[in-house]
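Notes to accompany the following structure.
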Amino acid sequence: MSMPPLSQTIYRLGIQYSVYRLIIALSLTFIFLLTLGQLEQAYQQPALYFYTLILYTLISFLQLISLKVLPFSVAHQLIFILLIDVLIFSLLTFAVGSPNLHLSLLFVITIFSANILLDHRKALIITLIAVISVVYQHFVASLLAYSTLNNISHNALLAFLFFVVYGLSQLAMQRFQLLQNLHMLQSLELNQLQNINRYILEQIEVGYLVLDPQYNIVLINPAAGQLLGITSPWSHQRQPLATLQPDLFELLKLDHFRDGEKFQFESQLCNYTVQIQLQKLITPYQTLSLLVLEDAQKLNQHVQQLKLAALGQLTASIAHEIRNPLAAILQANSLLQDSDPEQQHMLSQMIGKQANRINVIVKDTLNLVRNKGTYPEVLSLKPFLIECLQEDLADVQHAIQLQIQESPCIIFDASQLRQVLVNLIRNALRHNAAEQPFIELKVTTHERQVWIEVIDFGQGVNKQDISRLFQPFFSTEINGTGLGLYLSHSLCEANQARLSYVEQASGACFRIECPTHHSN
């Protein structure tokens, strides 16, 4: 039988109330039988009290069966149930001779239940019937010589209490109804937000996987399932990661990754090289782990696409940069034939110098746009830097002071990191102060990151130029092309690292920030 949510709630409350009244009837009967010998004088009519309890027990049992087995006309059955309670308690009060505490409480509970289970008009009728039954009991009792002035005052006080309970119950029900409506509205909004979030998670290409502290899957979107080779359908029940993706489970269990750390993952269950970033989600009751998953190959392709998109912006700048030396070459060439030998030598040098400038511009541009893939690998920095200084910077190695205490590991394309470091170090040497014999190459670890800093002691970068440092063709040198820092910045981004300029009191500091890699 299908019922509206509110009717289902009333029905469940009605069942619970019916069970309660059956327990009350049985309890009162047992108490009466156990205490009859000691408290027989407490009852004006013990026989009426006993048979009323027997009747109440039988009726309560039958009404519970009727409400449970035949859940039709619930409102009418509840009215009849509450009327029976009022009449039974009135008979029990009459049999006792005057209202006592436990019967008064049962009356109050009945009136309060009527306000919960019935609408306010029907609840008022139940309350009025209860008032009439207790107020006018003394008239019946006076005919049988049971009534006293004390009993009348007790009945009047009990009737007043019924009205108070009715009023308070109505206020409570109004507040309950308001809270219920608010709860339903919030439930609808929450359900709508959950559906929207689920739709968004299903559409985006980035994979999201949320794990609880026991490595059970709290949430996984289709993109994450595809990247990890998990074919299990969407489920609201938490499933163990160890069952669905044992390789990732073992990696997470053995390696204690820090918040924000990135690492790459490969598994026999999937055909992707997955880049994963781990983030901690602090909730009121537990800490969850959010894994953001992306296809490493697509990331590399995206970087190449960004570089190709930047090529369009570079084209105009390249034409402008080449135009000036080309104009100088043309002008020198036109003057070359009519010049004396000394002028010809000077013009030839000018032509060679400007041609070399064009060659440098073309070479740097080709390095920038060459479609070369990024192949990150685990690098132990100390031996890598020593080798880099000996092989790629042997001519200036004496002017470089390497400061590294430990040998942290990072994930970076070795050839691209060499290219970035050579560019930064030679750039620092050109700008270093004349009285300073060396520049610094410093490696430090900061929580979950490794900082590689190249520091010189020159004049530094003017504040107005800092925002343009990594733009193509911006250079503070007369003979510079302005592509070196731009290329280094792009290579760092391709390796999920960050190249930035750090202001300091004197000199310049370029910092490469890489996530720390923890080996097993």
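Computed over heavy atoms, backbone and side chain alike; hydrogens, waters and symmetry mates excluded. Everything numeric in this text was worked out from a predicted model, so none of it was measured.
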Query raised in the report: Taking side chain as C-beta onward, heavy atoms only, is F249 less than 4.5 Å from T243?
Result: no
Query raised in the report: Just wondering, more than 12 heavy atoms not from N195 lying within 6.0 Å of its CG?
Result: yes
Query raised in the report: If you look at every heavy atom in A224 and L293, which pair is closest and at what distance?
Result: CB-CD1, 3.9 Å
Query - L211 and its side-chain contact (heavy atoms from CB on, under 4.5 Å) partner, picked from L252, L281, L288, I220 - result: L252
Report task. Taking Q245 for its side chain and D247 for its backbone only, find out whether a donor-acceptor pair lies under 3.5 Å. Result -> yes
Query raised in the report: Hey, which of V292, N221, L248, L219 is the one that makes side-chain contact (heavy atoms from CB on, under 4.5 Å) with L209?
Result: L248
Requested in this report: Flag yes if more than 12 heavy atoms outside Q214 fall under 6.0 Å of its CD atom; otherwise flag no.
Outcome: yes
Report task. Please check if the side chain of T273 supplies one atom and the backbone of E266 the other of a donor-acceptor pair under 3.5 Å. Result -> no
Query raised in the report: Within the distance-only criterion (no hydrogens, no angle test), does the side chain of S407 pair as donor or acceptor with the backbone N or O of K382 below 3.5 angstrom?
Result: yes
Requested in this report: Please say whether more than 12 non-hydrogen atoms of neighbouring residues, nucleotides or ligands are located less than 6.0 Å from CZ in F61.
Outcome: no
Query - Side-chain touch I410/L417, heavy atoms, less than 4.5 angstrom - result: yes
Query raised in the report: Heavy-atom distance under 4.5 Å between the side chains of I126 and L83, does that happen here?
Result: yes
Query raised in the report: Mind checking whether S289 and L278 have side chains closer than 4.5 Å, heavy atoms only?
Result: yes
Query raised in the report: Would you find more than 12 non-hydrogen atoms of other residues, nucleotides or ligands less than 6.0 Å from Y20 atom OH?
Result: yes
Query raised in the report: What do you reckon, is NE2 of H76 surrounded by more than 12 foreign heavy atoms closer than 6.0 Å?
Result: no
**Report entry** Side-chain heavy-atom pair L78, Y17 within 4.5 angstrom cut-off
**Finding:** no
Report task. Quick one: sort the Y56 and F89 rings into parallel, tilted or perpendicular, breaks at 30° and 60°. Result -> perpendicular
Query - Test item: Q63 and R21 side chains (from C-beta on) under 4.5 Å apart, heavy atoms - result: yes
Query raised in the report: In terms of side-chain heavy atoms, does Q77 have a donor or acceptor partner in S66 at a distance below 3.5 Å?
Result: yes
